[in-house]
Each structure stands twice: as C-alpha cells, then as structure tokens.
Amino acid sequence: MSIYDTLNKEQREAVFCTEGPLLMLAGAGSGKTRSLTHRIAYLIEEKGIAPWNILAITFTNKAAQEMRERVDSLVGYGSEDIWISTFHATCSRILRRHIDLLGYDRNFTIYDASDQKSLMKEVLKEMKIDTKQFPERSVMSEISSAKNEYKSPLDYRNEYGSNYRNQRIADIYECYQKRLKENNALDFDDLLVKMVDLFQANPEVLEHYQDRFRYIMVDEYQDTNTVQFLLVSLLAKKYCNLCVVGDDDQSIYKFRGANIYNILNFEKVFPDAQVIRLEQNYRSTQNILNAANGVIANNKGRKEKKLWTENQKGELVHFKQYDTEYEEAEGVVSTINFLSMRGVEYKDMAILYRTNAQSRIFEEKLKQRNIPYAIVRGISFYDRKEIKDLMSYLKVVDSGMDDLSVKRIINVPKRGIGQTTINRLQEFAIMNQMSFLDAVFNADEIPEVARALAKLHKFADMIENFRNYSMEHEISELLEHILDVTQYRAELEAEGTDESISRLEDIEELFNDIAYYEEEEENPNLRDFLAEKDMYTLNAGIDNLEEEDNKVLLMTLHNAKGLEFNNVFLGGMEEGVFPGYGAMMSGDESEIEEERRLCYVGITRAKERLFLSSAKRRMLRGQTQYNRHSRFIDEIPSAYLDIKKNNSTHQEVKKTDRPVKYQYGAGAGKPYNLSDFKIKPAGELNYQVGDRVKHIKFGVGTVQEITKGGRDYEVSVDFDRVGRKKMFASFAKLKKVTI
DNA sequence: TTTTCCCACGACGGT
DNA sequence: CGTGGGAAAA
C-alpha cells in the first residue's frame with residue numbers, strides 16, 4: 001500500500017502527470033494541497049527528481065508554511081531543499097543575489113504600504129502636484145496596476161498618455177521609481193517587476209534558474225496577475241514542467257490586479273496542456289456545500305463545475321439577524337461558549353468577516369467572556385510603530401541609503417528636529433545628489449539649518465557612535481545600546497499607559513526574535529538579519545500562532561482563503577458591508593461577482609457548522625446605518641437554511657419547520673422581517689437612451705442602453721472618463737444633465 | 001520652529 | 001471611529 005492509494009482517481013492522475021503543462025481545476029475542499037504535496041513527494045521518491053529542482057509557489061506565507069509542513073511529513077530526506085514560498089518571497093530571495101545587475105545594491109529595502117505612501121507624498125510635494133486633483137491613494141493604485149501589468153513609466157506614457165491626467169501620472173510614476181532607486185528600495189510590486197526585468201536583461205541568469213527549477217507548481221493560479229504570469233512563463237519556458245492549480249470561483253484578488261484569464265486561457269497559452277478537474281469535496285457537509293453552490297451559481301461566465309460530496313447532510317446553515325452589531329457579537333460569542341461547553345475546542349471555531357474593522361467588537365466580547373482568541377493579522381508585528389522605529393534605527397546603522405528610515409528616526413524620540421529642518425536637508429540632498437543622511441552629516445555647509453546645527457550634530461554623532469558600537473557587539477547588544485542612548489525605552493516606561501506597556505512588550509518580542517536569529521545562524525550579522533526580517537514585511541498572518549494553541553481565530557475572509565474550520569461564524573451579512581458599499585455603488589456587476597466569490601470562499605471554509613449573522617443597525621463611518629441583510633443570504637436555497645428568530649413578536653417571512661438544534665444568542669430587540677428591506681424598484685427613470693447623465697463616481701456619460709431586468713432597470717452608460725459601465729438604476733442614482 | 005490640538009475627511013481586501 | 005493635515009499655542 002503506497003501513500004498514493006489514499007488519493008482518488010483524479011488526484012492520482014494529477015500526481016502522476018509530472019511532465020509538461022498541467023492545469024488542475026480544483027474546487028473548494030477538493031484536496032488540492034493534498035494532491036500538490038503528494039505530487040512533490042512522487043517527483044522526488046518515484047521519479048528521482050532532486051528536491052532543489054522543484055519550486056512550489058503559493059500566494060500567502062500561511063499557505064507556504066502549511067505546504068512545507070505537509071511535504072516534510074511526506075518526504076523524508078532533503079525536503080528542506082525544495083523551494084516552497086510565495087511569489088514575493090521567491091523574488092526577494094533571488095533579487096538579493098542578483099539585483100546589482102540592475103544597478104541596485106544587494107541590501108535593498110522593501111517598502112511596505114505605509115512606506116510607499118510616505119514616499120509618494122514626498123514625490124507629489126516635490127513635483128508640486130495638487131493632491132486634491134491627484135490623491136496619493138488613487139495615484140498609487142494606478143501605478144500599482146501599471147506594475148501589475150508589467151508596464152514601465154514609459155510604457156504607461158505611450159499607452160495612456162493621450163490625456164493630461166495620465167501624462168501627469170506617468171510623470172509621477174517616473175519620479176516615484178527614481179526615488180525608490182535612490183533609496184535603494186523596492187515596493188511590493190517592484191519585487192515581481194524587477195525580477196522579470198532581471199531575467200529579460202540577463203538570459204544567463206534566467207537560464208540558471210530555469211535549470212534549477214525544472215518542476216514548477218503554482219497554487220491559487222486564479223489570483224495571479226500579469227507579471228506573475230510572465231515570471232512563471234519565463235521560468236518554465238525551457239522545460240515546460242509547469243503545474244498550475246486553481247479555481248476560478250475563488251478568484252478574490254481582482255482589486256490587486258489578478259488576471260482571471262491566466263487560468264481561463266491556460267490551455268490556449270499551453271496548447272498541449274493536460275486538464276484535470278477535482279470535483280469531489282472532502283471538507284464540508286452536504287448542506288454547506290449546497291448553500292455555497294446556490295450562491296456561486298448566481299455568477300455568470302464561470303467554468304461550470306459540479307462539486308459533490310459523500311459527506312453527511314449535517315446541520316442546516318444557520319442565519320440570524322440581530323438588532324445591532326453588539327448583539328451580533330454577543331450572540332456569536334455566546335454560541336461559541338455554548339459549543340465549547342458541548343465539547344467543541346476553541347481552535348475548531350473561527351470568526352470571519354469582510355473588513356478588519358469588524359474584528360474589534362468580537363474581540364471585546366471574547367475578552368469579556370475570557371475566551372482565548374487570536375486575530376490573524378490585526379497589525380502584523382513588523383508594521384507596529386515601535387518595531388518600525390527600532391528596525392529603522394538598525395537599518396540606518398547598517399546603511400544610510402534609505403532616506404525614509406533616516407527621516408523616521410531623526411526626531412524619534414523627539415529631539416527638536418522639526419519638519420522645516422527636514423525639508424531643508426532634503427532640498428540640499430537633492431541639489432547635491434546625495435542621500436538624506438549625507439546631508440545630515442554635511443549640515444555645516446547648509447546655512448538654512450544653522451539653527452538646528454547643534455541638534456543635527458548630536459544626531460550624526462549618535463549614529464556614528466552606533467555604527468562603531470555595532471562593529472564589536474552583537475545585534476541584541478546594539479539594540480539595547482540604542483534603546484539606552486535614545487531613551488526610547490525610558491520614555492515608554494515613563495508613560496505607563498496600557499498602550500505603552502504593550503509597546504514595551506513588543507520590544508521584548510523583538511529581542512526574542514533577535515536572540516532566536518543569533519542562535520540559529522552560523523554567522524549572525526546585522527545586514528543578513530535585516531534582509532531576513534524584510535521578508536517578514538511580506539509575512540502576513542499567523543507566524544507566531546502555535547498549532548497547539550487552543551484559540552478561536554478571527555480573520556478577514558481574504559485571510560481565510562485556503563483554511564478550513566469545523567465551525568465558521570460569518571458576521572456582517574449585510575448589504576453595504578458584504579457586499580461592500582463600494583462594490584454596490586460602482587454599478588459594476590463584476591464587482592458584485594467578486595464579492596460573491598468571496599462569500600463562496602467564506603461558506604466553503606466550514607466543515608461542520610456554518611453560522612451566518614447580520615445586524616439591522618450598525619455604526620459605520622461614524623454613523624448608524626440601517627442595512628438590509630445581504631443578498632447572498634437570499635441566494636442560499638431555503639432548503640439548506642435555518643433562519644433563527646430574534647425574540648420575535650412579529651411574523652416570520654421565511655418559515656422553517658425544521659428542528660432548531662442550536663439556539664444561539666439571547667439577542668433582545670425588535671423582530672425582523674426579511675421582506676422589509678427589499679430594494680425599491682427604480683420606477684420611472686427620468687432619462688432615456690441618448691441622454692447625458694451624471695454618476696457620483698464616474699462623472700458624466702451618455703446612456704447607451706436600458707434593459708428591464710427583474711425588479712430593476714439595467715443601464716449601460718458610456719462615461720467620458722472611465723468608459724462603458726453597466727449598472728442597476730436603483731443603485732447608480734444617475735442624474736440627467738442638461739447640456 | 002516645534003508641538004499640540006482640533007477639525008475634516010474618508011472608509012474593503014493584502015503581498 | 002481613526003487618521004492626517006493644518007492652524008494655534010508654546
């Protein structure tokens with residue numbers, strides 16, 4: 001009996017199909033990680049492929065970690081030589097070796113979202129761009145999309161530069177890249193872009209990695225974007241042993257440039273590709289799976305799939321509408337308590353939500369009841385202010401090339417070097433083509449900062465002192481020294497607030513981290529430490545979550561992808577929350593479809609029980625909002641749904657005569673009525689085809705088509721700025737404009 | 001010039 | 001509700 005006997009026919013087929021391109025269409029819970037890990041084992045143990053010839057790319061670190069563990073337990077010797085990592089980590093690792101070929105220094109810094117934002121602000125200021133007209137947020141997302149499509153500033157200009165706005169964005173893009181390079185920094189998107197640049201400019205490097213990675217596997221292929229596609233294509237070009245795995249129904253990263261056509265057109269790009277479908281679900285009960293199928297069936301243009309399971313029917317999917325978000329949280333937590341008393345372990349329960357903001361109330365209620373919990377990615381450890389501060393100190397000691405780090409610490413803790421001084425130093429630095437830190441060191445030559453000279457000298461001396469100190473001390477000693485000299489710790493200790501105490505704890509955690517690094521590493525040194533930790537910038541999620549920790553997990557739906565739990569609580573099932581306000585207002589049906597896929601992902605996380613909940617009334621944007629329950633609730637066939645009463649004295653609209661097994665929540669409050677909140681039909685439209693209309697977000701456009709669909713009108717409009725959009729009249733709130 | 005405080009504004013998701 | 005930017009206060 002071999003390990004492969006436990007696989008089903010299709011899974012085995014996928015495992016044994018090792019040569020040439022292979023597309024695995026794997027539905028939710030169909031055992032795709034299992035197939036992938038067995039495939040790796042098969043390559044090594046049966047086909048005699050060297051572990052280091054295998055590259056497995058996942059989307060998140062969590063997924064990479066999990067795959068690593070499962071491969072480890074399957075493959076005996078040499079499994080640590082297999083590259084299993086995310087796109088970004090793979091790129092980072094390879095670029096650390098070769099990026100000098102692109103004119104960067106090999107100890108480059110990776111900018112996270114907030115670093116990017118600061119840099120963009122500076123760029124806009126330097127270029128004297130009106131941030132009302134070009135909000136940094138939208139400029140950044142524009143640039144990010146360009147990068148995801150592998151478009152350089154020049155490409156962007158050539159392709160879109162026909163109007164003034166895009167020309168300016170091309171200017172900003174160009175300047176932003178220039179500044180990144182001067183800082184010897186890459187942003188997240190750059191990691192991928194520079195990697196492709198590297199391979200295209202250096203065929204010999206590419207070939208080296210082609211020979212190295214003869215067998216390539218890509219997980220979550222439906223979420224890859226164009227650069228990632230290019231990257232994979234380049235790497236796989238020589239041997240063509242490329243296996244991609246995905247499910248178009250679980251594509252939830254369109255907003256980040258995911259190109260669904262990568263998976264839909266795989267067979268066209270690789271004509272000799274084999275296609276294998278995994279359609280048996282091993283995870284969920286029939287009721288849960290049927291609910292999920294019912295929801296996703298509302299999307300158009302998907303690859304038709306027939307997911308089935310041999311599992312039991314199980315309980316119905318529970319849904320309850322509460323009065324407020326507090327009662328919702330209360331209800332969920334008391335159900336958790338109830339289940340726990342019935343012997344369900346905390347770690348078998350998870351609370352999922354659409355937006356991070358929703359986590360707070362759940363957290364509060366869990367605390368009140370002393371239920372152990374962990375939030376997956378509240379703020380990642382390395383995102384925290386104090387950690388970023390201290391890491392910046394370390395970076396500056398190692399190399400002063402990254403201006404952002406220097407600016408971050410120059411006045412932290414406060415030492416009387418303010419914005420004006422910083423601006424003048426920056427000007428001088430740009431004028432003389434030097435780094436910001438060099439400007440600080442040469443402050444004597446800048447008459448404008450004469451006033452702050454003494455303070456600047458002190459700062460410069462301090463950095464010098466740290467650098468000397470670091471020559472003959474370990475990293476932990478250096479950090480201790482920094483905390484001491486800067487009084488960083490003393491200040492926090494003096495504060496004595498809850499917040500400062502938690503910051504101090506974080507600092508201790510950083511020491512643990514360093515200690516661990518120094519123990520593990522043969523030759524620990526500051527530069528390698530920083531390079532390794534910059535990877536953690538990329539490390540979202542559960543890194544420090546112990547497997548044996550018995551805790552309720554809280555996370556966003558996006559974070560839950562690829563995970564499974566016996567009991568899933570999905571909160572905030574309300575129009576405007578899920579689907580989100582933005583998706584609804586965009587008038588773009590494809591955005592609703594993405595939300596629906598996200599809902600599908602959420603439902604299919606559950607193995608045994610699924611609890612959906614909503615609140616009638618919720619604080620949103622500082623205001624109380626009244627939201628109808630989510631349309632996705634309506635899309636679950638009622639045969640699989642059990643709607644809980646809410647202390648109702650009112651009539652029920654959807655009656656269920658099924659036994660209620662788990663009465664959860666003691667939510668008081670008004671009854672609900674599912675038909676109360678149906679969308680009002682648009683009634684008469686005050687515009688017709690050919691009219692000029694105005695949309696709140698898209699601006700002015702011409703109505704092309706109006707069709708009556710169900711209870712609403714579907715209107716198709718050609719917008720001057722953004723092109724053609726299809727939308728529902730009742731949401732779009734189009735106003736006729738008279739010319 | 002720096003720091004503090006207050007008001008306006010803006011919201012999804014994550015490598 | 002939280003953050004960020006700008007004006008008043010030190």
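Throughout, a chain's letter reflects where its sequence line sits, starting with A, and its residues are numbered from 1. Only a predicted model underlies this, so the values are computations on that prediction, with no experimental measurement involved.
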Q: Sequence neighbours left out, what passes ring-ring contact (aromatic ring centres under 6.0 Å, His included) with Tyr156(A)? Give chain and number order.
A: Tyr160(A)
Would you list the protein and nucleotides 5-13 of chain B atom pairs, both N or O, that sit under 3.5 Å from each other?
unit_1: dA11(B); atom_1: OP1; unit_2: Arg137(A); atom_2: NE; d: 3.4
unit_1: dA11(B); atom_1: N6; unit_2: Arg621(A); atom_2: O; d: 2.8
unit_1: dA11(B); atom_1: N1; unit_2: Arg621(A); atom_2: N; d: 3.3
unit_1: dC12(B); atom_1: O2; unit_2: Arg354(A); atom_2: NH1; d: 3.0
unit_1: dC12(B); atom_1: O2; unit_2: Arg354(A); atom_2: NH2; d: 2.0
unit_1: dG13(B); atom_1: OP1; unit_2: Asn356(A); atom_2: N; d: 2.4
unit_1: dG13(B); atom_1: O4'; unit_2: Arg354(A); atom_2: NH1; d: 3.3

(Q) Which residues pass the side-chain hydrogen bond (donor to acceptor under 3.5 Å, both in side chains) test with Tyr221(A), not counting sequence neighbours? (A) none
Q. How long is the line joining CD of Glu448(A) and C1' of dT1(B), in whole Å?
A. 15 Å
Q: Indicate, with a heavy-atom threshold strictly under 4.0 Å, whether Asn411(A) touches base, sugar-phosphate, or nothing.
A: sugar-phosphate
Q: Indicate, with a heavy-atom threshold strictly under 4.0 Å, whether Arg415(A) touches base, sugar-phosphate, or nothing.
A: nothing
(Q) Restricting to side-chain hydrogen bond (donor to acceptor under 3.5 Å, both in side chains), what partner residues turn up for Arg618(A), sequence neighbours left out? (A) Glu328(A), Glu574(A)
Q. What pairs with Tyr253(A) under ring-ring contact (aromatic ring centres under 6.0 Å, His included), at least two apart in sequence or on another chain?
A. Phe59(A), Phe255(A), His558(A)
Q. When you compare dG5(C) with dC12(B), how far apart are their C1' atoms, in angstrom units rounded to a whole number?
A. 24 Å
Q | Lys194(A) to Tyr104(A), cation-pi by 6.0 Å centre distance and 45° axis angle | A | no
Q.
The criterion is side-chain hydrogen bond (donor to acceptor under 3.5 Å, both in side chains); which residues satisfy it with Gln419(A), sequence neighbours excluded?
A. Asn423(A)
Q: Mind calculating the distance between CD (Gln625(A)) and P (dC1(C)) to the nearest angstrom?
A: 14 Å
(Q) Measure CD/Glu220(A) against C1'/dG14(B) and give the value in whole Å, please. (A) 13 Å
(Q) If I take atom CG in residue Leu192(A) and atom P in nucleotide dG14(B), what distance separates them, rounded to the nearest angstrom? (A) 18 Å
Q | Listed nucleotide nearest any side-chain atom of Thr421(A), set dT1(B), dC1(C), dT15(B) | A | dT1(B)
Q: Mark yes or no: Arg96(A) above the aromatic ring of Phe108(A), with NZ or CZ under 6.0 Å from the six-membered ring centre and no more than 45 degrees from the axis.
A: yes
Between protein and nucleic acid, restricted to nucleotides 2-8 of chain C and to nitrogen or oxygen atoms under 3.5 Å apart, what atom pairs and distances do you find?
unit_1: dG5(C); atom_1: OP1; unit_2: Lys121(A); atom_2: NZ; d: 2.4

Q) Roughly how many Å is it from CG in Leu557(A) to P in dG14(B), rounded to a whole number? A) 10 Å
Q) Under the ring-ring contact (aromatic ring centres under 6.0 Å, His included) test, which residues partner Tyr353(A), sequence neighbours left out? A) none
(Q) Under the rule for ring-ring contact (aromatic ring centres under 6.0 Å, His included), what residues qualify as partners of Phe436(A), not counting sequence neighbours? (A) none
Q: For Leu598(A), report the nucleic acid contact type (base, sugar-phosphate, nothing); a contact means any heavy atom under 4.0 Å.
A: nothing
Q. Can you check the Gln65(A) CD to dT15(B) P distance for me, whole Å?
A. 12 Å
